[in-house]
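Just so we're on the same page: letters track the sequence lines, and every chain starts at 1.
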Amino acid sequence: MATQSTPPVSLPRHSKSNNPNPYPLSPTVNNDRYTILSLINQCNSTKQLKQVHAQMLRTGLFFDPFSAGKLITASALASFSSLDYARQVFDQIPQPNLFTWNTLIRAYASSPDPIQSLLVFLQLLHHCEHFPDKFTFPFVIKAASELKAFRVGRAFHGMVIKASLSSDVYILNSLVHFYGSCGDLDLAYAVFVKTPQKDVVSWNSMITAFAQGGCPEEALELFRGMEKENVKPNDVTMVGVLSACTKKLDLDFGRWVCSYIERNEINVNLTLSNAMLDMYMKCGSFKDAKRLFDKMQEKDIFSWTTMLDGYAKLGEYDEARHVFDAMPSKDIAAWNALISAFEQNGKPKEALAVFRELQLSKDAKPDEVTLVCALSASAQLGAMDLGRWIDVYIKKHGIKLNCHLTTSLIDMYAKCGDLEKALEVFYSAERKDVFVWSATIAGLAMHGHGRAALDLFSKMLEAKVKPNAVTFTNVLCACSHTGLVNEGQRLFYQMEPVYGVLPGEKHYACMVDILGRSGHLQEAVKLIEKMPILPTASVWVTLLGACRLHGNGNIELAEQACSHLLELDPRNHGAYVLLSNIYAKTGKWDRVSGLRKIMRDFGLKKEPGCSSIEVNGIVHEFLVGDNSHKLSKEIYSKLDEIAAKLKSVGYVPNKSHLLQLVEEEDMKEQALNLHSEKLAIAYGLISTGPSQPIRVVKNLRVCGDCHSVAKLISRLYDREILLRDRYRFHHFRGGNCSCMDYW
DNA sequence: AGCTCCGGTG
């Protein structure tokens with residue numbers, strides 16, 4: 001910030017000059033109360049305010065409640081001032097009037113620490129002779145909105161009614177905003193409808209509540225209603241309407257809104273321009289966004305981040321990086337936009353690379369959002385060392401765990417194989433929302449603790465947390481991994497009538513898995529026939545997978561499932577791979593080669609198996625037959641040693657696990673001994689200490705032979721092996737696997 | 001006095 005050489009306000013200087021009056025503001029000369037008060041308005045630094053403050057103390061003006069109030073207002077609301085100073089001043093005032101109380105409450109409500117607003121409000125109730133008035137309530141309700149403190153806000157609503165203030169449009173508008181930000185759209189709408197003299201802010205608050213609460217349709221409907229009632233929309237209205245278009249990804253309507261803004265000569269300020277930018281970006285029109293962005297006279301950090309995030313989320317990483325590098329200043333939201341885009345598009349390594357770059361730069365400090373993304377990326381990779389490092393970082397920096405962070409931590413520990421730690425985070429969490437509960441249920445499910453997952457689900461219901469669609473996916477998943485057929489069925493049929501959650505494609509896929517995996521193929525087929533929604537590819541893949549396990553020659557069913565699957569998704573590798581496995585199992589080699597020809601003609605290749613293992617914070621990746629690792633020689637001699645040991649205990653490789661769908665150049669795939677998970681395990685054996693568990697992550701389902709070998713290794717080498725495949729964890733110990741061979 | 005724009009979890 002530039003320093004001014006001459007202060008714009010002439011203030012007393014405590015100099016030993018020849019000036020006969022060292023205190024030119026002293027009332028003994030020519031300063032009355034009005035001069036001092038006008039000086040307050042001209043202050044542009046805390047230092048100047050303090051000088052005026054001193055002068056007021058000297059003259060006794062500070063003890064005039066009105067004048068002291070002026071000082072508070074200036075110090076609390078001025079952009080340069082700190083609230084701490086305002087608070088100090090406030091605490092010195094003997095009898096603050098209601099206006100002064102309100103000013104402080106107002107300032108705290110929009111500060112980073114809105115709880116203070118509520119605390120001052122309580123003091124007001126105790127110490128002030130006046131009851132809070134119609135100015136007080138909008139501020140405290142705003143604080144409650146910021147904190148999403150539902151019960152507190154409801155209590156304010158009650159007080160408003162008792163105080164006969166419930167027809168005040170300012171208060172009612174704040175309540176609409178409050179209920180909206182707590183996610184209770186019904187209550188928000190109830191207040192809105194009952195607002196007697198709605199002004200444009202009433203409409204804006206409700207439109208915004210709908211747009212942000214996931215009901216963009218209703219927001220747009222309300223905008224039309226507003227026109228019908230002849231209420232003229234303003235720039236804030238249009239921001240809300242655009243936000244609704246963005247949520248709906250409705251580019252046509254968005255374009256219409258932009259032309260509406262032009263036709264109706266609505267004031268286009270920076271915020272509105274940014275909302276237009278965001279709409280164009282998220283709705284996929286880079287061209288319109290770029291044109292607007294280049295045209296904008298003034299751009300702020302929102303404008304830049306909106307462009308950056310738009311490109312990044314749609315996978316235009318080069319453009320995104322270009323914008324990022326061009327940003328005049330980067331706040332943490334800009335970094336997060338880049339990190340989260342990588343993380344959400346299945347590029348966890350790229351996400352973590354940017355995270356490291358952030359740590360090295362001095363631009364910004366990681367915040368909760370950054371850490372959530374970094375934890376999520378660690379979870380995807382199974383990078384436990386990094387995940388643990390972030391956990392320590394959170395503790396060291398005294399960052400309070402919100403539900404987002406708690407969820408990500410639980411998910412990270414569970415996906416990295418440390419279920420104990422995941423549960424520890426869960427039990428010590430202060431607040432548990434549906435995300436926290438669901439993540440923990442998912443953790444138990446993926447580790448094969450189906451019963452415990454169901455018990456936790458019951459505890460969740462006891463805690464009055466409402467399960468949603470994802471909760472049920474996880475609960476059903478727990479049933480399918482553990483073979484809890486009856487429980488799964490019971491819960492599935494309770495979903496809609498008892499919990500009001502409509503079963504979706506994922507739930508049907510889980511149910512087909514529960515039935516199919518346990519051998520009830522015909523029931524699975526019946527369920528699919530009865531589906532009220534069109535069966536999706538995932539449902540047919542699941543049925544096909546069940547056919548491989550229990551088909552017993554029912555090739556017709558497998559072929560039907562496969563053709564349904566290919567109808568929906570002609571390039572689905574899984575369809576060909578599974579069906580050819582089934583043909584191979586029954587010795588139908590001619591059909592195997594037929595499928596091979598189709599795949600070749602279509603240019604389809606099996607997704608290559610890839611296993612990774614983190615050692616000392618570095619993630620090592622192995623493909624089948626990989627010899628690119630720098631310890632490759634040692635790895636292969638370890639594999640030879642393992643093979644010899646296995647042979648000595650009488651192990652015979654099970655060749656039926658072979659894919660039997662390989663091109664000549666993929667012959668190495670045939671060699672069971674070169675599978676990626678074996679390479680990773682061998683590397684784990686030579687690079688980690690004897691007491692450390694070996695944690696491997698595989699991108700596909702673990703191979704059957706590898707599963708048997710891993711069990712033996714866990715016994716022969718007395719090592720724990722945690723193998724996470726695409727679907728679940730296999731925890732090998734003492735020759736057994738946690739999945740009890742049900743997988 | 002109240003309403004607005006970028007980045008997040010299962």
S.K.: Give A/E368 one of three labels, base, sugar-phosphate or nothing, depending on what nucleic acid heavy atoms sit under 4.0 Å from its own.
M.R.: base
S.K.: Using the six-membered ring of A/F293, assess whether NZ or CZ of A/K299 lies under 6.0 Å from its centre and within 45 degrees of the ring axis.
M.R.: yes
S.K.: Measuring from atom NE2 of A/H157 to atom CG of A/L175, what distance do you get when rounded to the nearest 0.5 angstrom?
M.R.: 5.0 Å
S.K.: Name the nucleic acid region contacted by A/K432, choosing base, sugar-phosphate or nothing; use a 4.0 angstrom heavy-atom cut-off, strictly under.
M.R.: nothing
S.K.: What contact category does A/K313 fall into here, base, sugar-phosphate, or nothing, at under 4.0 angstrom with non-hydrogen atoms?
M.R.: sugar-phosphate
S.K.: State which of B/dC6, B/dT4, B/dA1 makes the closest approach to the side chain of A/R106.
M.R.: B/dA1
S.K.: Please determine, for the side chain of A/S438, which listed nucleotide (B/dT4, B/dG7, B/dG10) has the closest atom?
M.R.: B/dG10
S.K.: What's the closest nucleotide to the side chain of A/A439 if the choices are B/dG10, B/dT4, B/dC6?
M.R.: B/dG10
S.K.: OP1 or OP2 of B/dT9 less than 4.0 angstrom from a side-chain nitrogen or oxygen of A/Q344, does that happen here?
M.R.: yes
S.K.: For the base of B/dT9, is there a side-chain donor-acceptor partner from A/T407 under 3.5 Å away?
M.R.: yes
S.K.: Without decimals, in angstroms, what is the distance between A/F210 CZ and B/dT4 C1'?
M.R.: 18 Å
S.K.: I want to verify a distance call: between B/dG10, B/dA1, B/dC6, whose nearest atom is closest to the A/D309 side chain?
M.R.: B/dC6
S.K.: Between the main-chain N or O of A/Y260 and the side-chain N or O of A/N264, is there a donor-acceptor pair closer than 3.5 Å?
M.R.: yes
S.K.: Which nucleotide wins on minimum distance to the side chain of A/T271, given the candidates B/dC5, B/dC3, B/dA1?
M.R.: B/dC5
S.K.: Distance check needed: B/dG10 C1' versus A/D433 CG, whole Å only.
M.R.: 9 Å
S.K.: Which part of the nucleic acid, if any, lies within reach of A/F139 when heavy atoms closer than 4.0 Å are counted: base, sugar-phosphate only, or nothing?
M.R.: sugar-phosphate
S.K.: Figure out the CG/C1' separation between A/L405 and B/dT9, and round it to whole Å.
M.R.: 9 Å
S.K.: Phosphate oxygens OP1/OP2 of B/dG7: is one of them under 4.0 Å from a side-chain N or O of A/K330?
M.R.: no
S.K.: Tell me whether the side-chain N/O atoms of A/Q212 come closer than 4.0 Å to OP1 or OP2 in B/dC5.
M.R.: yes
S.K.: A/L308 CG to B/dG8 P: how many Å, rounded?
M.R.: 11 Å
S.K.: How are the rings of A/F286 and A/Y311 set relative to one another: parallel (under 30°), tilted (30 to 60°) or perpendicular (over 60°)?
M.R.: tilted
S.K.: What is the separation between atom NZ on A/K415 and atom P on B/dT9, rounded to the nearest whole Å?
M.R.: 11 Å
S.K.: Can you tell which of B/dA1, B/dC3, B/dC6 lies closest to the side chain of A/V236?
M.R.: B/dC3
S.K.: Is there ring stacking between A/F135 and B/dA1, where the centres must be under 5.5 angstrom apart and the planes under 30 degrees?
M.R.: no
S.K.: For a quick test of reading the model: is some side-chain N or O of A/S340 closer than 4.0 Å to OP1 or OP2 of B/dT9?
M.R.: no
S.K.: Any base atoms under 4.0 Å from A/D199, or only sugar-phosphate, or nothing? Heavy atoms, all strands.
M.R.: base
S.K.: Which is true for A/S376 with a 4.0 Å heavy-atom rule: it touches a base, it touches only sugar-phosphate, or it touches nothing?
M.R.: sugar-phosphate
S.K.: Give the nucleotide from the list B/dA1, B/dG8, B/dC3 with an atom nearest to the side chain of A/V369.
M.R.: B/dG8
S.K.: Which nucleotide in the list B/dT9, B/dC5, B/dC6 gets nearest to the side chain of A/S408?
M.R.: B/dT9
S.K.: Taking only N and O in the side chain of A/K299, is any of them less than 4.0 Å away from OP1 or OP2 of B/dC5?
M.R.: no
S.K.: Is a salt bridge present between A/D288 and A/R291, judged by a nitrogen-to-oxygen distance below 4.0 Å?
M.R.: yes
S.K.: Give one of base, sugar-phosphate or nothing for A/N234, where a contact means two heavy atoms less than 4.0 Å apart.
M.R.: nothing
S.K.: NA contact type, A/L371, heavy-atom cut-off 4.0 Å: base, sugar-phosphate, or nothing?
M.R.: nothing
S.K.: Hey, is the side chain of A/N468 pairing donor to acceptor with the base of B/dG10 inside 3.5 Å?
M.R.: yes
S.K.: Please work out if A/V434 contacts a base, only the sugar-phosphate, or nothing of the nucleic acid, heavy-atom cut-off 4.0 Å.
M.R.: base
S.K.: Is A/F302 stacked against the base of B/dC6, taking the criterion as centroid distance under 5.5 angstrom and interplanar angle under 30°?
M.R.: no
S.K.: Measuring to OP1 and OP2 of B/dT4, would you say a side-chain N or O of A/H177 lies under 4.0 angstrom away?
M.R.: yes
S.K.: Nearest heavy-atom pair of A/R728 and A/G448: which atoms, and what distance?
M.R.: NH2-CA, 3.4 Å
S.K.: Salt-bridge test for A/E316 and A/K290: reply yes if a basic N is under 4.0 Å from a carboxylate O, no otherwise.
M.R.: no
S.K.: CE of A/M276 versus P of B/dC6: gap in Å, rounded?
M.R.: 15 Å
S.K.: Between atom CD of A/Q380 and atom NZ of A/K349, what is the distance when rounded to the nearest 0.5 Å?
M.R.: 11.0 Å
S.K.: Among B/dC6, B/dG10, B/dG8, find the nucleotide with the atom closest to the side chain of A/A442.
M.R.: B/dG10
S.K.: Could you check how far CD1 of A/I394 sits from P of B/dT9, rounded to whole Å?
M.R.: 15 Å
S.K.: Can you measure A/I141 atom CD1 to B/dC3 atom P for me and round it to whole angstrom units?
M.R.: 11 Å
S.K.: Any base atoms under 4.0 Å from A/N102, or only sugar-phosphate, or nothing? Heavy atoms, all strands.
M.R.: nothing
S.K.: Does A/K142 reach a base, just sugar-phosphate, or nothing at all? Heavy atoms under 4.0 Å.
M.R.: sugar-phosphate
S.K.: Counting side-chain heavy atoms from CB outward, which of B/dC3, B/dG7, B/dA1 is closest to A/S205?
M.R.: B/dC3
